[in-house]
Structure formats: C-alpha cells, structure tokens
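Below is one structure; the comments refer to it alone.
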Amino acid sequence: MSGGARSGDVAVVIPARNEADRIQATVTSAAGITGVALVIVVDDGSTDGTAAVAQRAGAMVTRHAGNRGKGAAMETGAEGVRLLDQHEHLDRPRHLLFLDADLADTAALAGPLVDPVLAGKADMTIAVFSATVKLGGHGLVVGLSGAGIQRATGWRPAQPLNGQRCLTRAAFEAARPLARGWGVETGLTIDLLRKGLRITEVEVELAHRATGTGLRAQLHRAHQLADVARALAVRR
C-alpha cells in the first residue's frame, strides 16, 4: 500500500433503499477491497429487507425511519464512521469510500478509486465506468450536471453524477453540508474544486443495474433533474 497508508485506512459507506436483492453481494465485495476496515450501510427508509440482508452480510447498519435522500444518507454514514474513529482513538480519520448499493459483485473492483487518496495524490476520486465510456452518450440530467460544474469551475467531469467516490475526511468536511438528494455529487464536485482541492477521475470496471425506461425510471430521472438543478442554483 502506497503513501505510508496503514491497513484499514478506508471505510465504505453505502446508501441503500430497497436493494435487498443486491446489497449482500455489494457488501461482501466491498469488504474485500484492500485497505477497507469496515462497511456501513445506511438504509434510507427501505420497505424491503435491505437492512437485515446487509447486516447478515457483515455490514454495520444505520436506518432512517423514512426516505431522506442520498445526501442525507451519505452524511449519516460518514458520521457513523467518525464516531467509530473516535471510539477507536485513531490518530487520523479513515478515508471514505462511497459506493452505490446496486453494484453487487462489481463492487470488488472499486480498489483503484482508493489508491490516489491513500497515496496523497488526490483529495477525492470520481469513478468513470469503463463500459459507459465505450457506449458513450449523455442523458439530460448528466448533461445538466456536467454543464453546471463546468460553468462553476471551468472543468467538466466525464461522469458528473457517478456516486462511486473516495475522499479524505478533510475533503468531506470541507463540502458539508452536502447538497440534497441526487444533487449531492454535483455539489461535492463544485464545492471541493472551489476550495482548491484535488479531484482525479479513475476508470473502473463497475456496473449498475440497468435503469430502464418505465414509469418508475422516468420518475427517478425527474427527481434527479430537480435535485441537480437545485444544487446548481445555490452554487452560481
């Protein structure tokens, strides 16, 4: 491990809602990443067995009684890590690796996101899914986020909404309070760049569940669009 990092310098935080079918594989795979000391799943108001499955898979689980959104789930998970760091009297806080709950077995391939942070070469890394790069194309929400980040900072990430990110505790604290809901990634990128922190994109072979084109998927995109627009509106 580079940069003088110790074994167990990384905590994985997984925001999850109604992911009982994939969360076990995601937790198990994430726990095997080199440098990972613990996995925390934040069950954001699930109505299925997400929390129970995650706990059986070995994750520490925190639950929101109702759905509070991705940004709030990330804050809850990071606070859980902070309290554990404090309880264990660590001389420096663990880095935070945020992963989505539906990565399943591919979560094991997230290790390259950790390396630049452990080596002190980046304050935050953002995943670029290699399969998506090959397919190309950008949706409305991705385009809005990317253009907004570029307008605010002069830099346009390849996948601005990618939630697979590793960052130092100091970088996380610098970005608080996080943007609401699905605007969290857009806000994180703008806020850290404006504060002079270093962001590096890393290509990885991770994969999500296909979003689909049905009514539920369309509503999800509408919520994403509203949250991203809100995050950009307060960061002009």
Side-chain angles (χ1 to χ4, degrees), residues 1-15 25-41 57-60 70 74 77-78 80-82 84-85 88 90-134 149 153 155-176 178 184-193 195-208:
M1 205 174 294
S2 55
R6 307 159 303 178
S7 176
D9 264 350
V10 180
V12 175
V13 176
I14 305 175
T26 303
V27 168
T28 302
S29 299
I33 297 170
T34 300
V36 168
L38 61 104
V39 178
I40 293 183
V41 171
M60 302 184 69
K70 187 174 185 182
M74 290 171 65
V81 175
R82 187 190 70 79
L84 286 168
D85 288 353
E88 295 174 21
L90 299 185
D91 57 354
R92 61 186 181 188
R94 292 184 176 102
H95 303 313
L96 301 168
L97 174 59
F98 291 98
L99 298 177
D100 290 344
D102 64 351
L103 294 175
D105 294 336
T106 70
L109 303 175
L113 288 170
V114 174
D115 295 338
V117 178
L118 286 176
K121 296 178 179 178
D123 301 298
M124 180 172 76
T125 56
I126 303 175
V128 176
F129 287 4
S130 54
T132 306
V133 171
K134 292 169 186 173
I149 293 169
T153 70
W155 177 67
R156 185 164 186 152
Q159 294 178 14
L161 297 181
N162 202 307
Q164 306 358 279
R165 299 177 180 226
C166 185
L167 62 163
T168 65
R169 167 61 68 170
F172 182 81
E173 294 300 330
R176 295 183 68 191
L178 301 185
V184 63
E185 289 90 4
T186 302
L188 256 177
T189 303
I190 292 174
D191 292 345
L192 294 190
L193 286 175
K195 292 185 177 183
L197 276 72
R198 302 160 301 164
I199 298 178
T200 299
E201 294 182 297
V202 180
E203 187 169 332
V204 290
E205 297 181 15
L206 304 179
H208 282 298

Minimal non-hydrogen separation, I149 against W155, with atom names
CG2-O, 3.3 Å

Side chain to side chain, D9 and L118, heavy atoms closer than 4.5 Å
yes

Only counting residues at least two apart or in another chain, list the ones meeting salt bridge (Lys or Arg N to Asp or Glu O under 4.0 Å) with D102.
none

Approximate separation, where rounding is to 0.5 Å, of E203 CD and L113 CG
11.5 Å

Do T153 and T189 have side chains that approach each other closer than 4.5 Å (heavy atoms only, starting at C-beta)?
no

Can you name the closest pair of heavy atoms from Q159 and A127 and give their distance?
OE1-O, 3.9 Å

State which residues pass side chain to side chain contact (heavy atoms under 4.5 Å, CB included) with A122; sequence neighbours excluded, sorted by chain then number.
P116, T125, T200

List the residues meeting side chain to side chain donor-acceptor pair (under 3.5 Å) with D100, not counting sequence neighbours, and say none if there are none.
K70, Q164, H208

Test item: V128 and N162 side chains (from C-beta on) under 4.5 Å apart, heavy atoms
no

When every non-hydrogen atom of V41 is compared with those of A59, the smallest separation belongs to CG2-CB, 3.7 Å

Residues at least two apart in sequence or cross-chain that pass side chain to side chain contact (heavy atoms under 4.5 Å, CB included) with A25, listed by chain then number, are A104, D105

Closest non-hydrogen atom pair, C166 against H95
SG-CB, 4.4 Å

Just jot down the side chain to side chain donor-acceptor pair (under 3.5 Å) partners of E173, sequence neighbours excluded, or say none.
R169, R176

Non-neighbouring partners of T186 that pass side chain to side chain donor-acceptor pair (under 3.5 Å), sequence neighbours left out
S145

Of all pairs that satisfy salt bridge (charged side-chain N to carboxylate O under 4.0 Å, His left out), the ones with a partner from residues 117-131, not counting sequence neighbours
D123-R198

Which residues share a side chain to side chain contact (heavy atoms under 4.5 Å, CB included) with L109, sequence neighbours left out
E205, L206

Judged by modelled atom types alone, do T168 and R92 share a side-chain donor-acceptor pair under 3.5 Å?
no

Closest non-hydrogen atoms of S29 and A108, given as atom of the first, atom of the second and distance, are CB-N, 3.5 Å

Please name the residue in the list L96, L84, I14 that meets the side-chain contact (heavy atoms from CB on, under 4.5 Å) test with I40.
L84

Report yes if some heavy atom in the side chain of L167 is under 4.5 Å from a heavy atom in the side chain of L188; otherwise report no.
yes

In chain order, what residues pass the side chain to side chain contact (heavy atoms under 4.5 Å, CB included) check against A57, with sequence neighbours excluded?
Q24, V27, T28

Heavy atoms only: give me the nearest L192-A171 pair and the separation to one decimal.
CD2-O, 3.3 Å

State, yes or no, whether a side-chain contact exists between V114 and T34 at a heavy-atom distance under 4.5 Å.
no

Are M74 and R165 packed together at the side-chain level, in the sense that at least one heavy-atom pair is separated by less than 4.5 angstrom?
no

Which distance, rounded to the nearest 0.5 Å, do you find between the CD1 of I33 and the CG of L99?
5.5 Å

